[in-house]
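Below: the structure, in structure tokens.
Below, each value reflects all heavy atoms present in this structure, side chains not excepted, and no hydrogens, waters or symmetry copies.
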Amino acid sequence: MSRLLLPPHRLVALFERGGITRAQLQAAMTVHQQRLLMEIAEARKSPVLSFLDEKLSRYVASRLERRHGEKIIRMVLRALADIDDFPPADLLWNAEHPDVPLHCFFRLRREPVFRLISLTVDPLGVKVVIEHGQAAKRHTTRQEIQLVRDRFGKLSAGAGSMLN
């Protein structure tokens, strides 16, 4: 296992392949649950900031959806979640579920931030520029990632796709 906690969908796949035990899966999922509960507690401590952050996230998600379509955005987010040792994968693992609102995946001011800066779609794939990490602009990590389509149209990060 990597130094980062794997996102839930990858933990379940690892368990199904026999890579981890049921106890290890449950322990890792408990950590995910605790992180969510901490975020809920933080949101309750400062409801005004949480409300403003949600409004901003809704605006960004709406703008991206108008430009590229919800399906492409969800495919991109899911492909990013499948990259090994990718810190924001924790935030993006269930992006292809249409019942989870698109704005939930963008964190513009709350740490760890996740911002989708630009998206260039072509028939062979998608080039995406993202920022993630700390909230202060000078401490964020900006990456340019090339996602390629397979023969079924599914996006994935090919070898050497992290261009930084």
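At least one side-chain heavy atom of R107 sits less than 4.5 Å from a side-chain heavy atom of E39. Inter-residue side-chain proximity for H9 and D82 is flagged as met; some heavy-atom pair is nearer than 4.5 Å. Residues L14 and R17 meet the side-chain proximity criterion, which asks for heavy atoms closer than 4.5 Å. Counting heavy atoms from C-beta on, the side chains of T141 and E131 never come closer than 4.5 Å. Considering only heavy atoms from C-beta on, M29 comes within 4.5 Å of L11 through its side chain. At least one side-chain heavy atom of N94 sits less than 4.5 Å from a side-chain heavy atom of H97. Side-chain contact between M75 and E96: absent, with no pair of heavy atoms (C-beta onward) separated by less than 4.5 Å. A 4.5 Å side-chain heavy-atom check between F114 and F105 finds every atom pair outside the cut-off.
Following chains of ILVMFWY side-chain contacts shorter than 4.5 Å, one cannot reach V76 starting from V129, and the two form parts of different hydrophobic clusters. A continuous path of hydrophobic side-chain contacts links L116 to V100 [ILVMFWY only; heavy atoms under 4.5 Å]. Hydrophobic clustering of Ile, Leu, Val, Met, Phe, Trp and Tyr side chains at less than 4.5 Å, counting indirect connections, keeps L64 apart from V113.
Atom CZ of R63 sits in a crowded spot, with more than 12 heavy atoms from other residues, nucleotides or ligands closer than 6.0 Å.
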(message) Checking F106 against R115 for the side-chain contact (heavy atoms from CB on, under 4.5 Å) test, could you report, in this order, the C-alpha distance in whole Å, the side-chain angles of both residues, the deciding distance, and whether it holds?
(response) CA-CA 6 Å; F106 301 104; R115 302 177 188 117; over 6 Å; no
(message) The test is side-chain contact (heavy atoms from CB on, under 4.5 Å); show your working for D150 and L155 and say whether it passes.
(response) CA-CA 7 Å; D150 64 9; L155 292 173; over 6 Å; no
(request) Step by step, work out the side-chain contact (heavy atoms from CB on, under 4.5 Å) result for L92 and R78. (result) CA-CA 6 Å; L92 308 174; R78 180 54 192 259; over 6 Å; no
(request) Any chance you could lay out the side-chain contact (heavy atoms from CB on, under 4.5 Å) test for L80 and W93, step after step, and finish with the verdict? (result) CA-CA 9 Å; L80 292 172; W93 67 274; over 6 Å; no
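To the nearest 0.5 Å, the span separating OG1 on T30 from CD on Q33 amounts to 6.0 Å. The line from OH of Y59 to CG of L108 is 11.5 Å long, rounded to the nearest 0.5 Å. The line from CD of Q143 to CD1 of I130 is 5.0 Å long, rounded to the nearest 0.5 Å. Separation of atoms CD (E144) and CZ (R142) is listed at 10.0 Å; rounding is to 0.5 Å. Atom CZ of residue R44 and atom OG of residue S50 lie 11.0 Å apart, to the nearest 0.5 angstrom. Taken to the nearest 0.5 Å, the CZ atom of R110 stands 11.0 Å off from the CG atom of L56.
A salt bridge is absent between D53 and R109; no separation between the charged side-chain nitrogens and carboxylate oxygens falls under 4.0 Å. A salt bridge is defined here as a Lys NZ or Arg NE, NH1 or NH2 lying under 4.0 Å from an Asp or Glu carboxylate O, and R10 with D84 meets this definition.
The two atoms that bring Q146 and V126 nearest to each other are NE2-O, 3.5 Å, heavy atoms only. Closest approach of R149 to I72, counting heavy atoms only: NH2-CD1, 3.7 Å. Across every non-hydrogen atom of L91 and P112, the tightest pair is CD1-O, 3.9 Å. For T140 against Q134, the heavy-atom pair with the smallest separation is CG2-O, 2.8 Å. Nearest heavy atoms, V121 versus H68: CG2-ND1, 4.0 Å. In terms of heavy-atom proximity, A95 sits nearest to L77 at CB-CB, 3.5 Å.
A donor-acceptor pair under 3.5 Å links the side-chain atoms of T21 to the main chain of Q24, judged by distance alone. Of the possible donor and acceptor atoms, none in the side chain of Q26 sits under 3.5 Å from a partner among the backbone N and O of A23.
At a cut-off of 3.5 Å, with distance as the only test, no side-chain donor of R58 or S62 sits close to an acceptor on the other residue.
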